[in-house]
Every structure is written in C-alpha cells, then in structure tokens.
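Reminder, nothing fancy here: chain letters follow the sequence lines and each chain counts from 1. It should be emphasised that the depicted structure is a prediction, and the values quoted were computed from it without experimental measurement.
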Amino acid sequence: MSIIIQEDMTVQKKLEVLSDAAKYDVACTSSGVDRSGGGSSGIGNSVACGICHTFSADGRCISLLKILMTNECIFDCKYCFNRASNDVLRATFTPEEICSLTIEFYRRNYIEGLFLSSGVLKTPDHTMELMCKTLRMLREVYQFNGYIHCKAVPGADPVLVEMTGWYADRMSVNLELPTADSLRMLAPNKTRKNILRPMKQIQIGRIENKGKAAFNRLPFIEEESALVLPDNYKNNIAAPASVLQDVQDIIAADSIKSSFGVIKAPSINRGFVPAGQSTQMIIGATPESDYQIMSVAEALYQKFDLKRVFYSAYISINEDNSLPAVNQGPPLLREHRLYQADWLLRFYGFQAAELLSESRPNFNVLMDPKCNWAIGHLEQFPVEVNKADYYTLLRVPGIGVKSAQRIVKARKTAILSFEDLKKMGVVLKRAIYFITCAGRMMYPVKIEENYITSMLLRVKEKLPFDMDASTAYKQLSLFDDMNFTAANAQIGSFL
Amino acid sequence: MNSKKVYYCEDSLEGIFSAVYDAWSDRNGHANNKICIISGEDLGDMELFTEYIYVKNSEEKIGKVMKAIYNKISEEAYELVCGASCSCDITRGDAIYRFLIIGFSMGSGVVDCLYDKNVMKIFELNRNVSNEAHHFKGFLRFQELKEGILFAKIAPKNDIVRLLAPHFSDRLSQENFIIYDESRNTAIIHRMADQWFYTNADLLDLEKIKEMTEKEQNIDNLWKAFFNSVSIKERENKGLQRNNLPLRFRGNMPEFR
C-alpha cells in the first residue's frame, strides 16, 4: 500500500483531487425541502423542486459542490478509485476550507449547496466526526441555510450519525451493490448490516422528529402502523428467490426500534434530515438481474421510506480479477431502463413483479419498461380516456403524469376527442394503440401483440445519450450473458 | 359590415389591459379586433381596409380590466394573464384578449378548458416563462465587484427579472446585488436587508463588471477546476449537456468562458 500525501497542497489542487474522487457519486439533487432564507442573518434558502446550476461535459446536472472530505481510505473496495491499494494522490480538506468554498460558490450562484462524502480516514468514527464538524461549522459559524447532503459512513457510531443528521438536509448511505453476496465479494470491509443500520436509524429519527422534541421521544412502536405495509406483504414477497434473503434482510432491519436519541437539536432547528435519505448501487459490476435489482429497490422504498435509489452504471477503473471486463463502456442503456422502471415504482403505482419475472428477469433494451409491460397486458386495453381513473391513465404508454393530470382536469368540462388531446399537448404516437375517446380508437387498430410491438418499435425513442441503433446493439451484446437474447428474440424478429 | 381594427399598445401588462378595454368597449365584434404590441420600429405588415388605433395607457381602464378579471373570472386567471404578459411571444397581447373573451363568458371554469386552443395558448406562454425563470435561478451567475456588490448579467428571452427577484432576495438577503437584463436594459436592485426594486438600467456603470479583482479571478478559477474535474470521461455526452443547458445560456457563465 502506498499513499502519496502532499503537504501544503493549494486549495485548488485539493479541490481538483477531491472533486475528481467524488465524481462517481451519482446523486446531485438538491430537492426535497422548502426553506426560506434566514431573514435578518445568514445566507441561503432551499427550494423543494431542486435547481440545476450547470451541466458537466457528461451531461449530468451539477447542483451541489460535490466533494470528498478526504480521499484517504482504509477500506479496499475493489471497484473504487480511492481504495487503499490504489496508488493515487491523496488529499484532505480542513472544515474551514470546505465552508469557505461553499459560501463563496453559493454567493455567486454557482451551486445550491454542499454534497459531502468521504473516504474512511483512520476509522469510520474519526471520518464521521470530521464531516459532522464541517457541517456544524457551516451551519453555525457561517450561518449557511442552503442545502446540504451528507453521506453516513458505514460503521460510524450512531451518535455521530444522529448529530450529523441535525445539520444535513439529506443523508445517504450507499448500498454499493444490490446483494449481500456481491458486497462480500467486492467490498470486503463493508457489511450489509453496517449499511442498513444507519439507514434505519435515519428513518426512525425522521419519524420521531415530526413534531416532537428530541428529548421527548415517543417509542417507535406507536408510529409503526403508519410505516409498515400490510402484514401480508411480509408473507407474500414477490421477489426472485435469488434475492429473497436480501429483501428479507431489509425487512428484518425493521426490528431496530429506535434511533439513538441523545443529541439535542441545534439552536436553529431545521429538522432531522428534512429532505429524507437516498442510496445508490452500482449495476453491471456483479451478475444481478434487473428483476433482482428492482426487487431490492422496491423493498428499500417500502421499508426505509427512501426518497431515491440511484443506479450507477459500472465504470471500470481498477484492474481486478473479481471485476468484470467491460470493454464497451459503462452499461448506460441498462442504467436508463432501470431509472425508467424506478420512476414507474415511485410515481405510477407499478410493482417490480408486474414489470419483470423469474422467466423474464431483464428489461427489454429496445423498448421502455412501460411499453414492454403494456404489450404483455393487452387484455387491459384499450382504456377510455373520458372514464378511466388517474392511475389507469398513467399505465397507458405515452401518457405521463402531466398528460394524465391534464386529461383529468379537462374532462370535467367536456368529452374529450383525439383532437382535444392533441391540443392539450398529449403525445399520441404510442398512446393511440391503447386508448379510446368516446368509445372509438383513433384508427382501426388490431389489439394484437405482434402488430402493436412492431408499431411501437417504429416510434423513435428519445434516449439521453447520443445513442443510435448500433450502440444499442453493442449494449445488447454486452448483456448477452444475462439472457437478453432470449427475451428479445421475439421482438428482434420484427425489426 | 364592421371593419377590421388593430389596436396597437405599449409593451407591458398595462398596455395590453388598456387595449383590451378599448377593443371590448368598441362593440366592433371580437372577431374583427386584434391587439398588437408595439415593439421597436417594426409594426408588421399593414393591411388594407383595416383601421389602426394607437391605444394610450389609462389608469382607469387598467384598473377596470384588472378588477373584472379578479371578480368575474378568478385570481388564478389573473395570475395566468400576468405570466403570459411576460412572454416574448409577439402575439401575447392578442392571446390574452382571446383568453379573456372566453373567460368573461364562462367564469372561473375557463382554466380547466385545456382543449380550447386560446386557453392552451395562455398555459403554454406561462409554461415557457416559468421554465425560463426556473432555468435562470440556476444558470444566473454573480460576480463580486470591488465594492463587494454582486452583479449578474442575463439575456433572457422572456421578461423574467421580476420573477427572479423574490427568489434571490430571500436567498441572499444580506447581500447587495444587481441583476441586469441586457436585452431589455432593465435591472433588479437589492440592498442588504432591504426590499428589492425594479428599474431602468440607464444609470448602471457597466464598465465596472470588466474589472475583475484578484479574489474574483481566484474563485473563478476554483469553480472552473471543479467544473472540469467533476465530469466523468467515460460518460462524456456533449449532446446531453447541450439539451440540458442550451448554448444561449452559456455566454454569461464563467465555466464556459
């Protein structure tokens, strides 16, 4: 192990090293909390919908000053750039440096706030303490009232996690990899337990914080009914057998019944992690199927009340025989399909088991998950635009949240026709195969799987990458060992 | 048969309201009337057999139209009209007129009639204006002048500086700042711990922005360093970057200079 530590590094050099090291963290959102400015003192406010301040050359939003406290690390996670066994330039910010960078960037409207993550310096406790100290200084000395996202270091003392939670808007603990097996293989210093425990603690802390003083906590059990799903969920988990254990781990973490609860809230009480928590996992480094990944994400949403689960296409940084060889670049299309499906879970009322199954464990790369679902469930179509309820409308390919809301609003005063839908800005390219207006379809359409599939594939999909068919095929071959070919064979025959 | 009439009005909400009042009380038939906003020298193509009327602003007419929208339609409709008036669409005057015709006949329900093209038009103008305002909440950049004042220059398509003012006044309440709209030569001025105001920018000394202090240069460099190193090479995607951050915003952003 060799660590290069340069003394007297300039702030600029540190910033280069520690933002470069932080760039693989996916989340840069600043959403989830509305808070007005401090009024007579301080600087900053927070906007619930989030604000993007610029976009980097990879097209990702930059909203927060995303940096590591330090990239020194005692852990040796195989996929990580900063792992202990890598020979890279190491640097550590002082809390003062981070505070002053945040404030100066914020005043110029470069950023919405701070996203502080870190390598593990000396011990998890020591690292968490440094991060907590930084946040506290930023809030209390610099009177910063803008957005702060802070990572909880797995293995850090719950007291430190709790203390940090009073200064952060959002906290996140990285799940790192979808299953405990993968974690054991690629992140030998981290355990599933050490990841799920602070997650649970933050969730409970948030519940307890709703309207209650820190020292006058209600036992968690009283609030539990609002939290857990109906009992039958536990007996009836629709997860693939291969991740059943992982999903059960997540459910079992429910038995932790309290956050720590010894810390007094700071004098300016912004609430305990008011913007909620998120997590992220790397996809494509380990052999989990999309079905396994979505089942884990679903369990996290349901049991931990997470705001977001982020998926990060695996980027090959380190050479290691336990890592896959990825020659064609990160699996971006797969990542995109997972995000689309994630959206369906959170806003469209879908369940993972509706979208995928043991026999079809991966998303169709050629078609978005909702189209793919609709084609498999043609018996539920067509739906009548003037009658179908909001959630049924949401299940129509091509109709999103905005369109569904507009339809529900507009049909109060009129019976809608296809012409009306067009004027309202509802895109019909995909929807025409699935809806009727006043009992009629727009064109005579056969409700037949092969026909609709071939029609839908003619609609050019807007992908977030400069991706043409040829790159899509490359990605397709990348997934071959994951049984994509079989899943797509039928569709391929129509191309 | 009634003749066609075009009402030319000043480029402001007040101007549009005055024209709406005149067009309405003329009893010429709404279909024969048209409201045009005078912007610069260009008055568009003149047509034969059409009467051109130059509307003068009148406090009384403005007040009456405002009150009528509030009382006979709704507060929501009034806000939609105000939003639409900030748009850069040259037909916004007439669009507001058409919207009000429907609004006065059907009352508060008008805001649900998204299938009507005149109602949808007002919603589209509003969406365009609020989207651009939202973009500038993120893409606007301040530069600190020697005196400690934060100065931002923007060139928005729509007239949105007044929409940005409450956001930045709340966020930077302890700062002195100026947001300057270079395409309209207007500005928002905010004094530390005080209210903001909107003004013509004739008196601003724009030469001051060109002097960059050493501290400012240094922070500028730090920002650029961050901006460049936070991007992932393996995922580079300039097309996506351009979709998310169109070129027209970049002129006043230091990371693209």
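Both the backbone and the side chain of A:A313 have a heavy atom closer than 4.5 Å to some heavy atom of chain B. Within the 4.5 angstrom heavy-atom criterion, no atom of B:N228 approaches chain A. Both the backbone and the side chain of B:I219 have a heavy atom closer than 4.5 Å to some heavy atom of chain A. Only the side chain of A:K412 has a heavy atom closer than 4.5 Å to any heavy atom of chain B. Using a 4.5 Å cut-off between heavy atoms, A:S41 touches chain B through its backbone atoms (N, CA, C, O) alone. When heavy atoms are compared at a cutoff of 4.5 Å, A:R107 approaches chain B by way of both its backbone and its side chain. If you measure heavy-atom distances from B:M192 to chain A, you find no contacts under 4.5 Å at all. Residue A:C61: no heavy atom, backbone or side chain, is found under 4.5 Å from chain B. Only the side chain of B:F168 comes within less than 4.5 Å of a heavy atom in chain A; its backbone stays farther off. Heavy atoms of B:E175 lying under 4.5 Å from chain A belong exclusively to its side chain. Looking at B:F151, neither its backbone nor its side chain comes within 4.5 Å of chain A, counting heavy atoms on both sides. Contacts between B:D194 and chain A at a heavy-atom distance below 4.5 Å are absent for every atom of the residue. Using a 4.5 Å cut-off between heavy atoms, A:A414 contacts chain B through both its backbone and its side chain.
We find that B:K210 and B:E207 are joined by a salt bridge, their nearest charged nitrogen and carboxylate oxygen being less than 4.0 Å apart.
Atom OH of residue A:Y110 and atom CG of residue A:L101 lie 11.5 Å apart, to the nearest 0.5 angstrom. Considering NE2 of A:H53 and CZ of B:F139, their distance stands at 9.5 Å, rounded to 0.5 Å.
Under the ring pair (Phe, Tyr, Trp, His ring centres under 6.0 Å) criterion, the residue pairs touching residues 98-134 of chain B are B:W24-B:F104, with sequence neighbours excluded.
Heavy-atom pairs under 4.5 Å with chain B were tallied for A:A57, A:G37, A:S19; the largest tally goes to A:A57. Note: B:K215 leads B:K215, B:R250, B:M253 in heavy-atom pairs under 4.5 Å with chain A. Between chain B and the options A:V47, A:T54, A:I43, the largest number of non-hydrogen pairs under 4.5 Å is found for A:T54. For the options B:D116, B:V111, B:L140, heavy-atom pairs under 4.5 Å to chain A are most numerous at B:L140. Comparing B:V119, B:I232, B:L172, B:L114 by heavy-atom pairs within less than 4.5 Å of chain A, the highest count is held by B:I232. Listed options B:K117, B:R127, B:M106 were ranked by heavy-atom pairs under 4.5 angstrom with chain A; first place goes to B:R127. Among the candidates B:H167, B:K233, B:H135, the residue making the largest number of heavy-atom pairs closer than 4.5 Å to chain A is B:H167.
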Candidate pair A:Y314 and A:Y79, rule ring pair (Phe, Tyr, Trp, His ring centres under 6.0 Å), full reasoning: CA-CA 8 Å; A:Y314 169 66; A:Y79 48 82; 7.9 Å; no
Steps toward side-chain contact (heavy atoms from CB on, under 4.5 Å) verdict (A:R90, A:T70): CA-CA 8 Å; A:R90 306 280 170 170; A:T70 176; over 6 Å; no
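Annotation for B:K34: atom NZ does not count as buried by contact number, only 12 or fewer foreign heavy atoms lying within 6.0 Å. Counted within 6.0 Å of CD on B:E147, heavy atoms from surrounding residues, nucleotides or ligands total more than 12; the atom is thus considered enclosed. Within 6.0 Å of CZ in B:R242 there are 12 or fewer heavy atoms belonging to other residues, nucleotides or ligands. Under a cut-off of 6.0 angstrom, the local environment of NZ in A:K409 is crowded, with over 12 non-hydrogen atoms contributed by other residues, nucleotides or ligands.
Residue B:F226 forms a side-chain contact (heavy atoms from CB on, under 4.5 Å) with just one option from A:L65, A:L18, A:D20, and that option is A:L65.
With hydrogens and angles ignored, the 3.5 Å screen pairs no side-chain donor or acceptor of A:R108 with any backbone N or O of B:L150.
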